[in-house]
Amino acid sequence: MGLLEGKKALITGVANEKSIAYGIAKAFRREGAELAFTYANEKLRDRVKEIAKGLGSELVFECDVSKDEHITALKDWLSREWGQLDILVHSIAYAPKEEFKGGLIDTSREGFRIAMDISVYSLIALTRELLPLMEGRQGSIITLSYYGAEKVVPHYNVMGVAKAALEATVRYLAYDVAKYGHRVNAISAGPVKTLAAYSITGFHLLMEHTTKVNPFGKAITIEDVGDTAVYLCSDWARAVTGEVIHVDNGYHIMGVFGREEEIKKEVFGKQS
């Protein structure tokens with residue numbers, strides 16, 4: 001019997017099979033969860049439907065989280081299809097591509113508004129609207145963050161600010177929904193080669209750096225994130241809420257230097 005057997009999970013933010021949300025959905029399916037998916041616009045519909053079908057689901061619904069009427073319609077649809085909900089996976093983040101050029105100081109007012117609305121407020125709006133479907137159940141809500149919420153990552157810019165706001169939102173929402181028996185947590189994932197990641201200027205250099213510096217010396221996978229998501233949404237994590245769990249092979253614990261052997265090679269190798 002899987003860890004999520006009998007649970008119904010809504011997955012947002014799947015763009016393709018390289019998406020972190022796909023890694024989560026795949027792990028959930030493996031552990032016995034029933035899945036439903038959303039897509040943001042018509043451009044993504046067929047792709048998400050194909051992915052959903054591959055994971056044993058026919059439940060796919062359009063939801064542009066910048067529109068309140070879409071979120072309300074999503075709740076009504078889930079109510080008809082399932083009547084209840086156990087898990088919400090919020091894997092939604094967006095800022096206009098031009099906001100990743102230059103520095104934070106170059107952020108436009110409109111770009112800032114869009115980033116905060118789509119990347120942060122959507123978690124509040126979805127949680128509030130879908131909460132009634134979790135009544136009588138021990139619901140679990142998870143979202144995706146990144147180290148740029150804690151430290152400066154060049155060119156991450158307004159998204160770093162948005163992720164910091166998202167992590168604060170996790171804590172406040174965790175407090176709000178605890179009285180209903182539900183939990184809210186975040187996974188701070190290391191860099192993964194997703195469609196969204198390539199909008200960040202110099203992403204390949206960021207990927208190379210974090211892989212070299214983290215204690216294991218390797219990149220994380222969407223499967224790594226998926227397995228952590230299973231834990232957070234299972235009964236094993238029943239006392240965990242308001243938490244930000246790093247899944248980055250330990251990159252966040254490191255200082256300016258990388259692994260010891262790399263430092264020795266760099267320092268002593270040049271002296272010989």
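For reference, positions follow the sequence shown, starting with 1.
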**Study point:** side-chain hydrogen bond (donor to acceptor under 3.5 Å, both in side chains) partner of Ser145, the single match among Glu167, Lys163, Glu150
**Key:** Glu167

Closer than 4.0 angstrom, basic N to acidic O: yes or no for [X] and [Y]?
X: Arg29; Y: Glu34; value: no
X: Arg113; Y: Glu110; value: yes
X: Asp227; Y: Lys26; value: no
X: Lys101; Y: Glu98; value: no
X: Lys8; Y: Asp86; value: no

Any chance you could measure [X], atom [atom1], to [Y], atom [atom2], to the nearest 0.5 Å?
X: Arg183; Y: Leu232; atom1: CZ; atom2: CG; value: 7.0 Å
X: Asn214; Y: His209; atom1: CG; atom2: NE2; value: 9.5 Å
X: Leu88; Y: Cys233; atom1: CG; atom2: SG; value: 9.0 Å
X: Thr107; Y: Glu99; atom1: OG1; atom2: CD; value: 5.5 Å
X: Ile71; Y: Thr38; atom1: CD1; atom2: OG1; value: 10.0 Å
X: Trp77; Y: Trp82; atom1: CH2; atom2: CH2; value: 7.0 Å

I'd like to know if the side chain of [X] reaches the main chain of [Y], judged simply by a donor and an acceptor atom lying under 3.5 Å from each other, with no hydrogens or angles considered.
X: Ser119; Y: Tyr94; answer: yes
X: Asp64; Y: Ala40; answer: no
X: Ser57; Y: Leu35; answer: yes
X: Thr72; Y: Asp68; answer: yes
X: Ser19; Y: Asn16; answer: yes
X: Asn185; Y: Glu243; answer: yes
X: Ser234; Y: Leu4; answer: no

**Study point:** Partner set under salt bridge (charged side-chain N to carboxylate O under 4.0 Å, His left out) for Lys7, not counting sequence neighbours
**Key:** Asp235

Point to revise | Greater than 12 external heavy atoms within 6.0 Å of Gln138's CD | key: no

Point to revise | Within 6.0 Å of CD in Glu5, more than 12 heavy atoms from elsewhere | key: yes

Practice item. Determine, using ring centers only, whether Tyr156 and Tyr146 are less than 6.0 Å apart. Key: yes

Point to revise | Distance flag, aromatic centroids of Tyr251 and Tyr147, threshold under 6.0 Å | key: yes

Check your understanding: Would Leu166 and Met159 show up in the same hydrophobic cluster when neighbours are defined by side-chain heavy atoms closer than 4.5 Å?
Key -> no

Point to revise | Evaluation steps, side chain to side chain contact (heavy atoms under 4.5 Å, CB included), between Asp117 and Ile114 | key: CA-CA 5 Å; Asp117 183 25; Ile114 291 171; 5.8 Å; no

Review point. Regarding His182 and Ser140, is there a side-chain donor-to-acceptor distance under 3.5 Å anywhere?
Key: no

Point to revise | Pair Thr221, Asp224: side-chain N/O donor-acceptor within cut-off below 3.5 Å | key: yes

Donor-acceptor contacts under 3.5 Å from residues 124-131 side chains, at least two apart:
unit_1	atom_1	unit_2	atom_2	d
Thr127	OG1	Leu123	O	2.7
Arg128	NH2	Tyr121	OH	3.0
Glu129	OE2	Lys75	NZ	3.4

Exercise for review: Start with the C-alpha gap between Gln84 and Met134, add the side-chain angles, then the distance that decides, and say whether side chain to side chain contact (heavy atoms under 4.5 Å, CB included) holds.
Suggested key: CA-CA 6 Å; Gln84 59 191 31; Met134 294 182 173; over 6 Å; no

Check your understanding: Between Ala21 and Ile11, which heavy-atom pair has the shortest distance, and what is it?
Key -> O-CG2, 3.8 Å

Exercise for review: Evaluate the side-chain proximity of Glu62 to His70: yes if any heavy-atom separation is below 4.5 Å, no if none is.
Suggested key: yes

